Structure formats: C-alpha cells, structure tokens
> 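Handing you a structure now.
Starting from 1, each residue takes its place in the sequence as its number. No experiment lies behind these values; they were computed from the predicted model shown.
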Amino acid sequence: MQILISNSSKEPIYQQIKHQVKEKIVSSELREGDALPSMRQLAKDLHISVITTKRAYEELEKEGFIYSITGKGSFIAEQNPDIIKEKKLATIEDKLVEVIANSKELGLSLKDIKEWLTILYEER
C-alpha cells in the first residue's frame with residue numbers, strides 16, 4: 001500500500017494517512033478483508049512515529065473503515081455500498097467547488113465550465 005506524506009501540507013500526518021486509506025477504500029483499491037501494514041511497519045516505511053500511525057488507524061476504526069484483531073493486525077471492514085456512493089459524491093462535490101473557485105479567479109463563466117465539462121465527459 002502506497003501512502004505519500006507531504007511535509008509541506010498543513011494537514012497533520014495522521015490525517016494524511018487516514019484520508020489516503022479512505023480514498024483507496026472508496027476507489028476499491030483496497031477491498032473488504034485486505035490487510036493493512038502493521039502500525040510499526042507503516043511508521044518505519046514513512047519514517048514517522050508509531051503514535052502517528054496508531055492515531056490514523058484508531059480514527060479509521062472509529063469511522064468503520066477498518067477493524068483490528070489483537071495479534072493479527074488491521075483489516076479493511078465491509079463497506080455499505082450506499083455509504084461508498086455518498087462518499088464518492090462528496091469527493092466529486094469537493095472537487096467541483098475547487099474547480100468553481102479556480103474558474104472564478106480566471107474569470108471563466110458557468111457556460112465555459114459547462115462546455116469544458118461536456119467535452120471532457122464525452123471523451124471518456
């Protein structure tokens with residue numbers, strides 16, 4: 001599992017880990033039952049504190065994304081398809097908000113954005 005940590009990000013490292021694992025689950029890169037690296041192994045790989053990885057895993061577990069078995073490790077929990085859909089929609093909304101903000105900075109109109117979106121949508 002590839003996790004990239006940005007030292008220049010304003011987001012704390014444990015949240016960067018948490019968000020990247022969630023993205024991998026929502027995108028189905030990680031599936032139910034898949035094992036996560038141990039907290040110690042992930043900390044070693046990322047050159048960070050075990051306390052940081054522990055916090056990320058604890059939050060993922062509280063939110064129902066993973067479960068842990070003492071002595072065996074942490075695993076991807078079963079995901080409700082409706083919840084996954086809602087999370088994907090929330091991600092789309094966040095990205096569209098960013099597109100709108102950037103477009104307004106450049107003085108692009110809603111019509112311009114719709115045209116671009118239509119072209120890109122039809123290309124895919």
Side-chain angles (χ1 to χ4, degrees):
M1 176 178 72
Q2 178 95 16
I3 299 286
L4 301 173
I5 299 301
S6 170
N7 291 325
S8 61
S9 173
K10 294 179 182 174
E11 184 177 43
I13 293 172
Y14 79 92
Q15 285 185 341
Q16 291 181 49
I17 295 168
K18 184 175 89 169
H19 289 145
Q20 288 180 52
V21 171
K22 284 168 113 175
E23 284 178 18
K24 291 177 186 303
I25 293 169
V26 170
S27 71
S28 299
E29 185 177 330
L30 291 174
R31 299 179 188 273
E32 177 185 351
D34 286 351
L36 291 174
S38 72
M39 290 179 217
R40 289 176 198 242
Q41 185 61 52
L42 185 59
K44 181 180 174 187
D45 293 346
L46 299 176
H47 306 290
I48 59 174
S49 166
V50 174
I51 295 168
T52 303
T53 56
K54 184 176 191 286
R55 183 164 181 192
Y57 279 29
E58 284 174 345
E59 291 204 6
L60 286 163
E61 191 161 6
K62 281 181 199 171
E63 294 179 22
F65 285 95
I66 68 170
Y67 63 93
S68 299
I69 300 173
T70 305
K72 295 202 177 200
S74 297
F75 303 88
I76 304 302
E78 179 181 1
Q79 302 298 309
N80 180 326
D82 292 333
I83 292 173
I84 294 290
K85 182 178 179 181
E86 283 300 316
K87 289 178 178 163
K88 285 182 178 182
L89 288 171
T91 299
I92 291 169
E93 183 177 343
D94 290 344
K95 290 180 180 184
L96 286 173
V97 166
E98 186 177 338
V99 167
I100 291 166
N102 288 335
S103 297
K104 285 184 176 184
E105 284 179 19
L106 294 173
L108 296 176
S109 69
L110 179 57
K111 181 181 176 191
D112 294 334
I113 297 169
K114 285 180 181 180
E115 287 175 11
W116 276 23
L117 185 58
T118 300
I119 292 167
L120 292 171
Y121 188 86
E122 290 172 354
E123 285 180 356
R124 309 271 173 196

> How long is the span from the CD atom in Gln41 to the CG atom in Asp45, to the nearest 0.5 Å?
4.5 Å

> Between Ile48 and Ile17, does a side-chain contact (heavy atoms from CB on, under 4.5 Å) hold up when you go through it step by step?
CA-CA 11 Å; Ile48 59 174; Ile17 295 168; 3.6 Å; yes

> Looking at CD of Glu32 and OH of Tyr67, how far apart are the two atoms once the value is rounded to the nearest 0.5 Å?
7.0 Å

> When rounded to the nearest 0.5 angstrom, what distance separates CD1 in Ile76 from NZ in Lys24?
10.5 Å

> Can you measure from NZ (Lys44) to OG1 (Thr53) and round to the nearest 0.5 angstrom?
13.5 Å

> Please determine whether side-chain contact (heavy atoms from CB on, under 4.5 Å) holds for the pair Asn102 and Leu106, giving the CA-CA distance in whole Å, both sets of side-chain angles, and the decisive distance to 0.1 Å.
CA-CA 6 Å; Asn102 288 335; Leu106 294 173; 5.5 Å; no

> For Leu60 and Lys22, which heavy atoms make the closest approach, and how far apart are they?
CD2-CG, 3.7 Å

> Starting at CD1 of Ile66, measure out to NZ of Lys18 and round the result to the nearest 0.5 Å.
11.0 Å

> If you apply the rule side-chain contact (heavy atoms from CB on, under 4.5 Å), what do you find for Asp94 with Glu98, and how did you get there?
CA-CA 6 Å; Asp94 290 344; Glu98 186 177 338; over 6 Å; no

> Determine, step by step, whether Leu36 and Leu30 satisfy the side-chain contact (heavy atoms from CB on, under 4.5 Å) criterion, reporting the C-alpha distance in whole Å, the side-chain angles of both residues, the deciding distance to 0.1 Å, and the verdict.
CA-CA 9 Å; Leu36 291 174; Leu30 291 174; 4.1 Å; yes

> Would you name the heavy atoms of Tyr57 and Ser74 that are closest together and state the gap between them?
CD2-OG, 3.6 Å

> Quick one about Asp112 and Ser109 (side-chain donor to acceptor, distance below 3.5 Å, no hydrogens or angles considered), yes or no?
yes

> Under 4.5 Å between any side-chain heavy atoms of Ile5 and His47, yes or no?
no

> Is it the case that more than 12 heavy atoms not belonging to Lys54 sit under 6.0 Å from its NZ atom?
no

> Indicate the atoms forming the closest heavy-atom contact of Glu29 with Asp34, along with that distance.
O-OD2, 4.3 Å

> Evaluate whether atom CG of Leu89 has more than 12 neighbouring non-hydrogen atoms of other residues, nucleotides or ligands under 6.0 angstrom away.
yes

> Can you give me the closest heavy-atom contact between Arg124 and Leu120, atom names plus distance?
CG-O, 3.2 Å

> Taking side chain to side chain donor-acceptor pair (under 3.5 Å) as the test, write out the residues that go with Ser6, two or more places apart.
Ser8

> Going by an N to O cut-off under 4.0 Å, is there a salt bridge joining Arg55 and Glu59?
yes

> Can you tell me how far OG1 of Thr52 sits from CG of Leu42, rounded to the nearest 0.5 angstrom?
10.0 Å

